[in-house]
Amino acid sequence: MRVATWNVNSIRARVGRVTDWLVREDIDVLAMQEIKCKETQFPFEPFAEAGYEVELHGLNQWNGVAFASRLPMEDLTVGFEGVPGFGKPDENGALPAEARALGVTVNGVRLWSLYVPNGRDLENAHYTYKLEWLKQLAVDTRKWIAEYPEQPLALMGDFNIAPLDTDVWDLAAFEGSTHISPLERAAFAEFEALGLADVVRPLVPTGYTYWDYKQLRFPRNEGMRIDFIMGSPAFQQLVSDARIDRNERKGDAPSDHVPVVVDLELDTEDDDDRPMIFG
DNA sequence: ATGCCATGCGTCGCATGA
């Protein structure tokens, strides 16, 4: 089973690019972030024609997460328990919900499409929101792992954190900025403390997943590695290959992020390429 | 410090992004 994550930066602006890529790259399940639309606006038809069902969580023109899959999706979960909101409180003091997390199960593998809040800057309320959002996600993930320790689980998406100094093109340029702060990196490390690991890094040690549209960042290869597939121990055992599709930053109207892909070896798959041992 | 691109909304100026 081939699984991917991609911050598409508006699905309506890029639907042909995304569906072409799904078919060409033989993807089974794609987690998307920043679809930037609600359900009534989502371009379902091109996905259906390409052979993919879609589940999505989109509230407005901001954020929005989705899955496209050619395998059955089960146990859809919109958001996670205790997920904080952001913005102006309503008359009851509740903050508006944002569309940043969607969970599904495919072939028994639990998958999340996550769009972690940006943070904006270190003094911004959005930064506090980012840290709280990650903390609650870790609480929810800890509970899940305790309840279903044998089930493969992956948190996939745009984490908006560069865990390593080498995950940004110039650390000095990020001095005092978000994405590299100790608190953000500590929040990321909490998932590793739960036993999750970036399953792409060992197979793809270098390379970025995002390049700003401005200032010739892509031609200069001045990017950031902020999109990850964080797998539980059971998930890690299934991974047979991984790649970052840098080519998708090229050409007409690309997203500023590129897809991150993993191949999983599941028992349910055909084993025609294996030698016959019995019979 | 910056919004140099790019997106969507709602009417061409603003919010957002990392």
Side-chain angles (χ1 to χ4, degrees), chain A residues 5-18 32-43 56-66 84-88 95-101 113-134 157-188 207-228 244 246 248-260:
Chain A
T5 183
W6 193 0
N7 180 324
V8 296
N9 186 19
S10 172
I11 191 57
R12 286 178 289 174
R14 253 171 286 291
V15 59
R17 239 191 122 117
V18 172
M32 291 177 275
Q33 300 86 40
E34 278 208 87
I35 62 171
K36 290 187 170 177
C37 67
K38 47 195 169 187
E39 185 160 14
T40 54
Q41 301 169 310
F42 192 93
L56 72 98
H57 176 33
L59 297 172
N60 49 43
Q61 71 269 41
W62 293 303
N63 318 305
V65 284
F86 184 78
K88 288 187 176 180
L95 301 180
E98 296 194 312
R100 295 180 176 276
S113 179
L114 302 170
Y115 180 42
V116 177
N118 171 291
R120 299 181 186 167
D121 62 68
L122 300 182
E123 288 75 40
N124 199 297
H126 209 258
Y127 179 71
T128 312
Y129 167 53
K130 179 180 193 173
L131 295 174
E132 180 64 18
W133 195 95
L134 287 162
D158 178 357
F159 280 73
N160 270 322
I161 298 171
L164 305 183
D165 289 352
T166 50
D167 291 336
V168 295
W169 79 90
D170 178 10
L171 193 61
F174 285 82
E175 177 81 29
S177 300
T178 58
H179 294 65
I180 59 146
S181 74
L183 288 177
E184 288 165 282
R185 286 179 170 178
F188 188 87
Y208 302 128
T209 63
Y210 161 89
W211 298 260
D212 200 303
Y213 289 120
K214 303 186 297 290
Q215 297 174 290
L216 299 172
R217 291 299 187 209
F218 184 63
R220 293 173 174 166
N221 196 28
E222 296 174 343
M224 304 172 73
R225 186 162 175 147
I226 53 177
D227 299 88
F228 300 106
I244 297 171
R246 190 177 186 282
E248 281 304 310
R249 188 62 178 79
K250 302 175 183 176
D252 288 335
S255 171
D256 42 2
H257 296 251
V258 294
V260 179

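A note on names: the letters A, B, ... follow the listed sequences, proteins ahead of strands, and every chain is numbered from 1. We use all heavy atoms of the structure for the numbers below, so side chains are in, but hydrogens, waters and symmetry mates are not. Worth saying up front: this structure is predicted, and the values here are computed from it rather than measured.
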Inset, instruction - Using the test ring-ring contact (aromatic ring centres under 6.0 Å, His included), find all partners of Phe174(A) that sit at least two apart in sequence or belong to another chain. - result: Trp169(A)
Inset, instruction - Check for a donor-acceptor pair, side chain of Thr178(A) on one end and backbone N or O of Gly119(A) on the other, with a separation under 3.5 Å. - result: no
Legend entry - Gap between atoms OH and C1', on Tyr210(A) and dA6(B) respectively (whole Å): 10 Å
Inset, instruction - Measure from NZ on Lys36(A) to P on dC14(B) and round the result to the nearest Å. - result: 18 Å
Inset, instruction - Examine dG3(B): is either OP1 or OP2 under 4.0 Å from a nitrogen or oxygen in the side chain of Arg217(A)? Give yes or no. - result: no
Inset, instruction - Indicate yes or no for a side-chain donor-acceptor contact from Ser255(A) to the backbone of Asn7(A) under 3.5 Å, with no hydrogens or angles considered. - result: yes
Inset, instruction - Go ahead and write out DNA chain B as dot-bracket, 5' to 3': ( ) for pairs within the strand, [ ] for ones crossing earlier pairs, | when the partner sits on another strand, dots for unpaired; Watson-Crick or G-U wobble, both distances under 3.5 Å. - result: ....(((((...))))).
Inset, instruction - Report which part of the nucleic acid Ser10(A) touches: base, sugar-phosphate, or nothing (heavy-atom distance under 4.0 Å, all strands). - result: sugar-phosphate
Legend entry - Rounded distance in Å between the P positions of dT11(B) and dA1(B): 34 Å
Legend entry - Short side-chain to backbone donor-acceptor contact, Arg14(A) and Asn9(A), under 3.5 Å: yes
Legend entry - Atom-pair distance (CD on Glu34(A); P on dA6(B)), nearest Å: 15 Å
Legend entry - Rounded interatomic separation in angstrom, taking CD from Gln215(A) and C1' from dG17(B): 14 Å
Inset, instruction - Could you check whether Tyr115(A) gets within reach of a base, just the sugar-phosphate, or nothing at all, counting any heavy atom under 4.0 Å? - result: sugar-phosphate
Inset, instruction - Between Ile226(A) and Lys38(A), name the one whose nearest nucleotide on DNA chain B is closer to the 5' end. - result: Lys38(A)
Legend entry - Rounded distance in Å - CD (Gln61(A)) to P (dA6(B)): 20 Å
Inset, instruction - Starting at atom NZ of Lys214(A), determine the distance to atom P of dC5(B), rounded to an integer number of angstrom. - result: 9 Å
Legend entry - Rounded interatomic separation in angstrom, taking CH2 from Trp62(A) and P from dA6(B): 21 Å
Inset, instruction - Residues of residues 158-167 of chain A with any non-hydrogen atom less than 4.0 angstrom from an atom of DNA chain B: list those, numerically ordered, please. - result: Asp158(A), Asn160(A)
Legend entry - Distance, nearest 0.5 Å, that separates CG of Leu122(A) from CD of Glu184(A): 7.0 Å
Inset, instruction - Round to the nearest Å and state the distance from Asp121(A) atom CG to dG17(B) atom P. - result: 11 Å
Inset, instruction - Compare side-chain N and O positions of Gln41(A) against OP1 and OP2 of dC9(B) and report whether any pair is under 4.0 Å apart. - result: yes
Inset, instruction - Report yes or no: does Tyr213(A) contribute a side-chain atom to a donor-acceptor pair with the main-chain N or O of Asp256(A) at less than 3.5 Å? - result: yes
Inset, instruction - List the atom of Tyr208(A), the atom of Met224(A), and the distance in Å for their closest heavy-atom pair. - result: CB-O, 3.4 Å
Inset, instruction - Tell me whether the OP1 or OP2 atom of dG17(B) has a side-chain N or O from Arg120(A) closer than 4.0 Å. - result: yes
Legend entry - Parallel, tilted or perpendicular: ring planes of Tyr210(A) versus His257(A), cut at 30 and 60 degrees: tilted
Legend entry - Nucleotide nearest Asp212(A) (side chain, heavy atoms from C-beta), chosen from dG3(B), dG8(B), dA6(B): dG3(B)
Inset, instruction - Under 4.0 Å between any heavy atoms, over every strand shown, what does Phe174(A) touch: base, sugar-phosphate, or nothing? Just pick one. - result: nothing
Legend entry - Nearest non-hydrogen partners of Leu216(A) and Pro219(A), listed with the distance: O-CD, 3.3 Å
Inset, instruction - Please answer whether the main-chain N or O of Val116(A) pairs with a side-chain N or O of Asn160(A) as donor and acceptor at a distance below 3.5 Å. - result: yes
